[in-house]
Amino acid sequence: MLSDAVAVLRCPVCHTALSLKEDPRRILVCDEGHVFDAARQGYFNLLTGKGTAFEADSAEMVAARHRFLAAGHYDTLSAEIARLAAVSLQSPGAVVLDAGTGTGHYLRAVLEKFPASAVGLDISKFALRRAARLNPEAANIVWDIWRPLPMAEKSVDAVMVVFAPRNPAEFARVLRPGGTLIVVTPRPGHLAEIASRTGMLAIEEGKAERLADTMGKHFDSTTSAEMDFALELSGQEVADLAFMGPAGHHLKPGQLAGVAENSGTVATTAKFQISVFNAPPATS
Ligand SMILES: C[S@@+](CC[C@H](N)C(=O)[O-])C[C@H]1O[C@@H](n2cnc3c(N)ncnc32)[C@H](O)[C@@H]1O
Ligand SMILES: [Zn+2]
């Protein structure tokens, strides 16, 4: 339930607990009286002060991501994320954080398996409009992952980060002892067959090692697995894939029209790294 998810949130101004009020309008209000109105679609914006310089994903990028993911091309990946989250989310009252939730697609897959309380953070309000529709039981919050998270210490059982920025110190702070952090990243060669013709950015070598290094300072053990699968995509799907990722910030709508209108199918391979980190157990 949304109110259970709200219980782990903290006011970004004074850090006291937030609670949900639905009458006469949906708001979050803290113990000191700071009030955050819900957007019409149900998400909340907790980013106060001047906006961040970060360029959030646009409405067009979010629409492309939604179309592509809803077609089920990455369902093998969603199923694996839900399987890995199971360790931490089986007990009643469990809480999951989806950092960089985007359209909420992977969080939905997890919530279909476990009725956990859920928080979805993303800097793009266009993404959160979709996420709030898909996951109305989650607290969907506009937030910048590089800032201290507006969440209580040791309040979360599992954090998932799927192709989104990572703030290891903050993930370690909000996770309960023994909690699970699941990080999904693309590997070198991901979608290589289509990358060159769509302006997608190549994945650098050595990224997996750097991830393990930065996480190692905050987390106990790590397991890491590679997941590869073949994709057969239409021209429109290739264009959507290019547009939904970081390259979408540089591409103009219509720039991939030639690719989208291609009536044949294109074969390519998705290559992911799925890393699981454990928060240290409680010390007595
Ligand atoms: C490639 S998308 C992945 C979204 C989602 N996890 C998925 O896989 O469908 C990256 C997401 O991270 C969000 N994002 C990027 N930088 C962020 C930041 N500093 N704070 C919060 N969200 C951020 C973007 O708005 C976008 O929704
Ligand atoms: Zn406050």
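Whatever order the structure lists ligands and atoms in, that order sets their numbers, starting from 1.
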*Any idea which protein heavy atom is nearest atom 15 (C) of ligand 1, and the distance to it?*
F54 CZ, 3.4 Å

*ligand 1-proximal atoms of W143, by part, heavy-atom distance under 4.0 Å*: backbone

*What do the steps show when you test F243 against E60 for side-chain contact (heavy atoms from CB on, under 4.5 Å), and what is the final call?*
CA-CA 8 Å; F243 208 65; E60 291 80 11; 3.4 Å; yes

_T180, L211, L175 screened by side-chain contact (heavy atoms from CB on, under 4.5 Å) with F277, the one that passes_ = L211

*In Å, rounded to the nearest 0.5 Å, how long is the span from CZ of R25 to CG of D37?*
4.0 Å

_For atom 9 (O) of ligand 1, what is the closest protein heavy atom, and at what distance to 0.1 Å?_
R65 CD, 3.3 Å

*Nearest heavy-atom neighbours spanning A94 and S88*: CB-O, 3.9 Å

*Does T103 have a heavy atom less than 4.0 Å from any atom of ligand 1?*
no

*When you measure from atom 25 (O) of ligand 1 to every protein heavy atom, which one gives the shortest distance, and what is it?*
D122 OD1, 2.5 Å

*Does T101 reach ligand 1, in the sense of a heavy atom lying below 4.0 Å from it?*
yes

*Which atom pair, heavy atoms only, marks the closest approach of G100 to A164?*
CA-CB, 3.7 Å

*Answer yes or no for L69: is there a heavy-atom contact with ligand 1 below 4.0 Å?*
yes

*Taking all atoms of both residues into account, what is the closest heavy-atom pair of M215 and P168, and its distance?*
SD-CB, 3.8 Å

*Judged by atom type as modelled, is there a donor-acceptor pair below 3.5 Å linking the side chain of R173 to the main-chain atoms of M151?*
yes

*So what's near the Zn ion (ligand 2), protein N, O or S atoms under 2.8 Å?*
C11 SG, C14 SG, C30 SG, H34 ND1

*Can you check whether L46 reaches L18 side chain to side chain, under 4.5 Å on heavy atoms?*
yes

_Close-contact set for ligand 1 against Y106 heavy atoms, below 4.0 Å_ = 7 (C), 8 (O), 9 (O)

*Relative to the heavy atoms of D57, which atoms of ligand 1 are at a distance of less than 4.0 Å?*
24 (C), 25 (O), 26 (C), 27 (O)

*Which atoms of ligand 1 are found less than 4.0 Å from any heavy atom of D144?*
18 (C), 19 (N), 20 (N)

_Taking a cutoff of less than 4.0 Å between a non-hydrogen atom of the residue and any ligand atom, is A56 in contact with ligand 1?_
no

*asked:* Against R65, only a single residue in D240, T103, D57 fulfils side chain to side chain donor-acceptor pair (under 3.5 Å); can you say which?
replied: D57

*Short N/O distance, under 3.5 Å, between G100 and ligand 1?*
yes

*asked:* Given 3.5 Å as the limit, does a donor-acceptor pair link the side chain of R10 with the main chain of T16, or not?
replied: no

*How far apart are the C-alpha atoms of M227 and L77, what are their side-chain angles, what is the distance that settles it, and do they pass the side-chain contact (heavy atoms from CB on, under 4.5 Å) test?*
CA-CA 8 Å; M227 173 182 269; L77 176 60; 4.1 Å; yes

*Which heavy atom of the protein is the closest neighbour of atom 10 (C) of ligand 1, given with residue, atom name and distance?*
F163 O, 3.3 Å

*asked:* Need the ligand 1 atom indices (1-based, order shown) with element for anything under 4.0 Å from a heavy-atom of W146.
replied: 19 (N)

_Main-chain N/O of P148 paired with W143 side-chain donor or acceptor, under 3.5 Å_ = yes

*Taking N or O atoms only and a 3.5 Å limit, does V162 qualify as a polar contact for ligand 1?*
yes

*Going by distance only, is there an N or O of M244 that falls short of 3.5 Å from an N or O of ligand 1?*
no

*Do ligand 1 and H105 have nitrogen or oxygen atoms that lie under 3.5 Å from each other?*
no

*Value rounded to 0.5 Å, distance of CD in E170 from CD1 in I145*: 11.0 Å

_Protein contact of atom 17 (C) of ligand 1 - nearest heavy atom, named by residue and atom, plus distance_ = P165 CG, 3.5 Å

*Please check if the side chain of D157 supplies one atom and the backbone of V95 the other of a donor-acceptor pair under 3.5 Å.*
yes

*Report the C-alpha distance between R108 and E137 in whole Å, list the side-chain angles of each, state the deciding distance to 0.1 Å, and finish with yes or no for salt bridge (charged side-chain N to carboxylate O under 4.0 Å, His left out).*
CA-CA 10 Å; R108 185 72 251 149; E137 70 272 60; 3.1 Å; yes

*Measure the NE2-CZ distance between H73 and F68 for me, rounded to the nearest 0.5 Å.*
4.5 Å

*Check each atom of ligand 1 against the heavy atoms of I145 and keep those under 4.0 Å away; list them by number with element.*
18 (C), 19 (N), 20 (N), 21 (C), 22 (N)

*Look at atom 23 (C) of ligand 1 and say which protein heavy atom is nearest, naming residue and atom and giving the distance to 0.1 Å.*
I123 CG2, 3.6 Å

